[in-house]
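Beneath this line is the structure, given in structure tokens, with notes to follow.
Within every chain, numbering begins at 1; the chains are lettered A, B, ... in the order of the sequence lines, protein sequences first and strands thereafter.
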Protein chains: 2
Amino acid sequence: MIRLLLADDQALVRGALAALLDLEPDLSVVAQVGRGDEVVDAARDARADVALLDVEMPGMDGIAATAALTGQVPGCRSLIVTTFGRPGYLRRALDAGASGFVVKDTPAEQLADAVRRVHQGLRVVDPELAVATLAVGESPLTEREREVLTLAERGGTVAQIARDAYLSEGTVRNYLSAAIGKTGARTRAEAVRLARENGWL
Amino acid sequence: MIRLLLADDQALVRGALAALLDLEPDLSVVAQVGRGDEVVDAARDARADVALLDVEMPGMDGIAATAALTGQVPGCRSLIVTTFGRPGYLRRALDAGASGFVVKDTPAEQLADAVRRVHQGLRVVDPELAVATLAVGESPLTEREREVLTLAERGGTVAQIARDAYLSEGTVRNYLSAAIGKTGARTRAEAVRLARENGWL
DNA sequence: GGCCCGGCATGACAACTGTCACGTCCTTGC
DNA sequence: GCAAGGACGTGACAGTTGTCATGCCGGGCC
């Protein structure tokens with residue numbers, strides 16, 4: 001019997017996945033959490049074999065939770081189950097020690113199989129997404145550029161971003177200019193969008 | 001036995017919801033689709049009593065699908081089940097004839113009840129969201145302002161938006177300026193974000 | 001030590017954006 | 001018929017943004 005942990009901030013989806021997986025005779029959902037920072041404790045307490053983790057979660061994202069699990073609960077493997085097939089997510093998830101990565105528009109029948117393969121120590125990765133990840137490459141942004149772009153996402157002016165980041169306006173403009181150049185965008189807003197889509201933020 | 005139709009573009013979520021609802025003795029999932037424009041045909045063919053519809057879907061969004069259902073399949077009631085509790089979505093869904101509106105972070109146990117209530121002809125609406133909807137009010141944007149804001153979302157310049165909308169640059173600037181004023185934003189990007197969050201796009 | 005890279009900053013310039021005043025066409029409603 | 005309002009346009013202006021050159025400081029690295 002494979003023991004499962006579910007982590008997803010949407011309670012309805014979490015409950016529905018539990019119902020789906022519990023139908024399988026060899027799978028059993030032993031814990032459910034709605035926040036990333038509760039994953040490690042729950043996995044240890046429930047002695048989970050495989051953790052299904054969403055990426056977007058309050059408290060701690062699924063990738064950071066994967067890294068924490070890998071370090072602190074060695075008996076538990078991670079399978080990322082996410083809405084967004086963003087190249088950067090896959091790369092970072094694998095770097096963090098995830099054993100699998102599936103997007104939420106894969107057919108429901110394949111999920112149980114993915115769980116079993118991950119439990120056996122195999123890697124499960126969406127092949128299309130793997131190709132996209134190779135094509136996109138690693139994030140070209142420096143840490144500061146990433147930070148400034150994230151602040152720019154709210155739509156404020158350079159002055160506001162500068163206040164939030166404790167930088168001068170000129171410096172913010174330089175970082176934005178660099179980010180626009182590196183993403184191949186032509187405006188700040190486009191740079192934000194492209195970076196988001198690639199999973200670089 | 002209540003006959004259900006599920007419409008959600010994420011196959012995994014769709015399948016999981018089916019598993020969850022099929023556990024209830026008085027509910028039965030009789031059809032599943034992944035596109036909005038397949039809803040009406042499927043509901044008619046399967047003689048569904050209640051349709052659970054996501055808002056974001058390819059082909060036709062869940063609100064338009066609700067309107068189509070209301071007109072063409074009178075025996076089938078609609079329950080919107082969505083990730084985003086955006087005030088504008090709720091308002092438009094009710095205007096389109098939806099009987100219920102729940103967000104995906106409600107507990108899984110409540111979904112079956114919501115379905116039963118909708119089937120009995122009752123309205124099911126998230127109370128918090130109802131309050132937010134009253135507070136936010138109707139969209140203040142004219143059709144053109146909405147269109148230009150949508151085009152602005154990609155992050156292009158005024159010149160690009162003007163080309164896409166077949167308008168002069170001056171006109172585009174005027175619409176953007178009006179939208180910025182009406183949303184209470186201070187930049188174009190912020191106006192886009194606020195309009196998105198309120199479900200006005 | 002010298003070199004490169006990143007973080008941080010300034011100043012200047014062209015381009016773009018947001019605002020405003022003003023004007024023309026339609027359509028809708030009284 | 002005419003007022004009201006939205007769609008569409010022009011022109012002008014101040015303010016903001018994106019780019020570039022240039023500089024300083026610190027940490028790796030050979």
Side-chain angles (χ1 to χ4, degrees), chain A residues 88 91-92 95 136-201, chain B residues 88 91-92 95 136-201:
Chain A
R91 180 180 298 269
R92 277 154 50 209
D95 287 349
V136 166
E138 258 182 288
S139 172
L141 304 175
T142 67
E143 177 55 26
R144 279 304 202 182
E145 287 158 4
R146 199 193 56 73
E147 184 189 345
V148 169
L149 261 197
T150 308
L151 290 172
E153 207 165 11
R154 295 184 214 164
T157 62
V158 169
Q160 283 168 13
I161 298 170
R163 271 195 296 278
D164 292 346
Y166 302 105
L167 292 174
S168 88
E169 298 189 17
T171 304
V172 169
R173 282 209 292 243
N174 284 338
Y175 285 144
L176 286 175
S177 185
I180 289 168
K182 287 178 177 179
T183 52
R186 297 178 62 191
T187 68
R188 178 192 315 191
E190 193 181 359
V192 168
R193 183 173 60 79
L194 291 172
R196 254 274 110 81
E197 285 173 3
N198 286 326
W200 292 340
L201 299 187
Chain B
R91 180 181 300 270
R92 277 154 51 208
D95 287 350
V136 166
E138 257 182 289
S139 172
L141 304 175
T142 67
E143 177 55 26
R144 279 305 203 183
E145 286 158 4
R146 199 193 57 73
E147 183 189 346
V148 170
L149 261 197
T150 308
L151 290 172
E153 208 166 11
R154 293 184 216 164
T157 63
V158 168
Q160 283 168 11
I161 298 170
R163 272 195 296 277
D164 292 346
Y166 301 103
L167 292 174
S168 87
E169 298 191 16
T171 304
V172 168
R173 283 211 292 246
N174 283 338
Y175 285 143
L176 286 174
S177 186
I180 290 169
K182 287 178 178 179
T183 53
R186 297 177 62 192
T187 67
R188 176 194 312 192
E190 193 181 358
V192 168
R193 183 173 60 79
L194 292 172
R196 253 276 111 81
E197 285 172 5
N198 287 326
W200 293 339
L201 299 187

Side-chain N or O of A:S168 closer than 4.0 Å to phosphate OP1/OP2 of C:dC8: no

5'-most by nearest nucleotide on DNA chain D - B:E169 or B:E145: B:E145

What about A:N174, does its side chain sit under 3.5 Å from the base of D:dC20 through a donor-acceptor pair? yes

d(CD, A:Q160; C1', D:dT16) in whole Å: 12 Å

Ignoring hydrogens and geometry, is there a side-chain-to-backbone donor-acceptor pair from A:E145 to A:T142 under 3.5 Å? yes

Can you measure B:L176 atom CG to C:dC16 atom P for me and round it to whole angstrom units? 15 Å

A:T171 side chain vs A:L167 backbone, donor-acceptor pair below 3.5 Å: no

Quickly work out the A:L141 CG to C:dG6 P distance and round it to whole Å. 12 Å

Taking atom CZ as the centre, does A:R186 end up with more than 12 heavy-atom neighbours from other residues, nucleotides or ligands that are less than 6.0 angstrom away? no

Salt-bridge present (A:E190, B:R154; N to O < 4.0 Å): no

For A:L167 and C:dT10, what is the distance between atoms CG and P respectively, to the nearest whole Å? 11 Å

Check whether any side-chain nitrogen or oxygen of B:T171 sits under 4.0 Å from OP1 or OP2 of D:dG9, and answer yes or no. yes

Given atom CZ of B:R186 and atom C1' of D:dT17, what is their separation to the nearest angstrom? 15 Å

It should be established whether B:R188 places a side-chain nitrogen or oxygen under 4.0 Å from OP1 or OP2 of nucleotide C:dG18. yes

Just the rounded figure in Å: distance from P of D:dC8 to CD1 of B:I161. 15 Å

Is the shortest distance from a Lys or Arg side-chain nitrogen in A:R193 or B:E153 to a carboxylate oxygen in the other one below 4.0 Å? no

Atom CD of A:E143 to atom P of C:dC8: distance rounded to whole Å? 10 Å

Would you please confirm or rule out a distance under 4.0 Å between OP1 or OP2 of D:dT16 and any side-chain N or O of B:T187? no

Check this one for me: any side-chain N or O of B:T157 less than 4.0 Å away from OP1 or OP2 of C:dC16? no

Closer than 4.0 Å, any side-chain N/O of A:R144 to the OP1 or OP2 of C:dC8? yes

Separation of D:dC8 atom P from B:R173 atom CZ, nearest Å, is 17 Å

